[in-house]
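Input: a single structure, listed below in structure tokens.
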Protein chains: 2
Amino acid sequence: MFSERQQQIVETAIKIIAHKGIQNLTIKNIANDIGISEPALYRHFGSKLEILKGVIEYFKIKMKPALEKLEESTNSLNKIECFISEHLKIISLNPDFAKVIFSEANFQNEENLILKMNNMMNQSHKILETIVQYGQKKDEIRSDINSLTIVRIIIGSMRLLVTQWSMSGMIFNLETEGKQLCDDIKKLMREG
Amino acid sequence: MFSERQQQIVETAIKIIAHKGIQNLTIKNIANDIGISEPALYRHFGSKLEILKGVIEYFKIKMKPALEKLEESTNSLNKIECFISEHLKIISLNPDFAKVIFSEANFQNEENLILKMNNMMNQSHKILETIVQYGQKKDEIRSDINSLTIVRIIIGSMRLLVTQWSMSGMIFNLETEGKQLCDDIKKLMREG
DNA sequence: CACACGTTAGTGAACACTAACAAAGATAAT
DNA sequence: ATTATCTTTGTTAGTGTTCACTAACGTGTG
């Protein structure tokens with residue numbers, strides 16, 4: 001899908017957005033960081049917009065394993081634990097993701113981009129919602145709470161944790177703190 | 001604090017960020033929207049950065065009543081309900097806030113702005129944490145869950161709800177959906 | 001000799017911001 | 001009451017800088 005150079009460009013773009021904000025994502029900055037000229041970039045992407053589309057595509061590819069791993073668990077609560085820990089593991093390994101992935105607002109003015117980003121997010125939410133509903137039917141998850149609320153709680157707290165981790169300058173261990181969050185969520189989901 | 005014109009400029013800036021993204025927040029766009037010339041803006045704010053500082057200050061002022069109202073409740077769970085509903089009420093009345101207020105990343109490259117925004121957020125979090133801890137001591141909130149986790153769940157799910165509301169084009173009623181979220185959270189907090 | 005991938009040099013447009021000037025209202029001395 | 005002056009808030013016309021992007025050209029490889 002991506003050539004080596006294209007991947008390098010996308011990774012550099014993510015790095016710049018993470019460290020300097022999207023306002024400083026310019027062709028010049030990407031080119032300088034890589035060490036090639038600006039027109040050279042246009043050999044690999046037709047426009048700046050194409051690079052941003054590449055960024056979202058890159059996220060999709062990198063995040064996919066987190067969803068595939070879910071198949072391995074049978075119990076619903078284990079699936080939820082897996083959902084959280086696998087996502088946090090990937091973000092932990094790619095710290096620059098944290099500052100970019102949950103700031104949909106960054107891509108706001110480009111209809112196509114916001115749509116692409118939303119689709120990616122909604123896909124995750126739908127998968128989690130299915131897990132929760134199935135878990136409620138099998139009595140592994142309490143049924144007196146709206147399934148949509150449970151999804152919002154899981155994803156919302158997970159996102160906030162990532163945001164806090166990123167904003168704090170990665171001062172704490174994301175996976176350790178994620179384990180605590182996960183254990184508490186499992187405790188909340190079980191009883192009732 | 002703000003003159004009438006300054007307030008108009010800040011409100012216009014928020015409107016532009018919400019509808020066109022921060023990349024399109026330009027002096028020209030603000031001036032055109034208001035119907036004055038660009039240099040006229042500089043009579044009221046020294047620079048574009050000062051306008052962005054004004055945006056954050058404006059949020060602080062508008063959000064303050066949500067925190068003040070908390071004093072009226074005695075029970076911890078009622079305080080939490082109040083925290084959620086009052087915040088959602090204000091955002092519901094100012095829909096443009098939704099797209100701007102939870103996208104800290106927008107202000108990323110300006111150290112001062114990110115600090116100001118973080119301070120505002122952290123203040124809310126600290127207040128909620130105090131409420132939760134007091135509630136746990138008084139046995140109004142279950143104590144087998146980390147207080148920090150509870151805060152993350154409440155704020156995280158609230159923020160996600162607002163983001164979803166904003167992204168969906170305000171297709172659902174924020175306060176109604178917030179009431180459901182709030183009831184479910186109270187249910188989760190009580191037992192144990 | 002074709003093609004992939006790079007270069008230098010430059011395009012017009014948009015950006016934040018400024019210099020210089022104008023008009024209106026308030027203040028205050030005559 | 002009239003005049004003079006200051007302040008506030010606007011204007012037009014520009015500044016230099018940076019932006020995304022392009023034209024034309026080089027060079028090494030199959």
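Values in this document were obtained by computation on a predicted structure and should not be read as measured data. Chain letters run A, B, ... following the sequence lines, proteins first, then strands; residues in each count from 1.
In terms of the side-chain hydrogen bond (donor to acceptor under 3.5 Å, both in side chains) criterion, residue partners of A:Gln8 (sequence neighbours excluded) are, by chain and number, A:Arg5. Among residues two or more places apart in sequence or in another chain, the side-chain hydrogen bond (donor to acceptor under 3.5 Å, both in side chains) test is passed with B:Ser47 by none. Residues forming a ring pair (Phe, Tyr, Trp, His ring centres under 6.0 Å) with B:His44 (at least two apart in sequence, or on another chain): none.
A close approach under 4.0 Å does not occur between any side-chain nitrogen or oxygen of B:Ser37 and OP1 or OP2 of D:dG10.
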Result block: side-chain N/O donor-acceptor pairs under 3.5 angstrom for residues 51-61 of chain A, not counting sequence neighbours:
residue: A:Glu57; atom: OE1; partner: A:Lys116; partner atom: NZ; Å: 3.3
residue: A:Tyr58; atom: OH; partner: A:Glu11; partner atom: OE2; Å: 2.6

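The separation between B:Phe45 atom CZ and C:dA16 atom P is 15 Å, rounded to whole Å. Rounded to whole Å, the distance from NE2 on B:His44 to C1' on D:dT7 is 13 Å. Atom-to-atom, NZ of A:Lys20 to P of D:dC19 comes out at 11 Å; the value is rounded to the nearest Å. Atom P of nucleotide C:dC17 and atom CG of B:Leu41 are separated by 11 Å, given to the nearest angstrom. One interatomic measurement links the two molecules: CG of A:Asn32 to P of C:dT7, which rounds to 11 Å at whole-angstrom precision. Straight-line distance from the CD1 atom of A:Ile34 to the P atom of C:dG6: 9 Å, rounded to whole Å. Rounding to whole angstrom units, NZ of residue B:Lys28 and C1' of D:dT15 are separated by 15 Å.
With values rounded to the nearest 0.5 angstrom, A:Asn146 atom CG is found 10.0 Å from A:Ile153 atom CD1.
Among the heavy atoms of the strands lying under 4.0 Å from A:Thr26 are primed sugar atoms or P, OP1, OP2 only; no base atom is included. Note on B:Leu25: only backbone sugar-phosphate atoms sit closer than 4.0 angstrom, heavy atoms only; bases stay farther off.
The list of salt bridge (Lys or Arg N to Asp or Glu O under 4.0 Å) pairs with a residue in residues 121-132 of chain A, not counting sequence neighbours, is empty. Within the structure, side chain to side chain donor-acceptor pair (under 3.5 Å) pairs that include any residue of residues 68-77 of chain A comprise A:Lys69-A:Glu86, A:Ser76-A:Glu140 (at least two apart or interchain). Within the structure, every pair that satisfies the salt bridge (Lys or Arg N to Asp or Glu O under 4.0 Å) test and touches residues 21-49 of chain B, not counting sequence neighbours, is listed here: B:Lys15-B:Asp33.
No donor-acceptor contact under 3.5 angstrom links the side chains of B:Glu177 and B:Asn173, judged on distance only.
Heavy-atom distances under 4.0 Å link DNA chain C to A:Arg5 of residues 5-15 of chain A, given in residue order.
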For this session: Give the B/S/- string for nucleotides 21-30 of chain D, one per nucleotide from 5' to 3', where a protein heavy atom under 4.0 Å of the base yields B, of only the sugar-phosphate yields S, and otherwise -.
Result: BBBBB-----

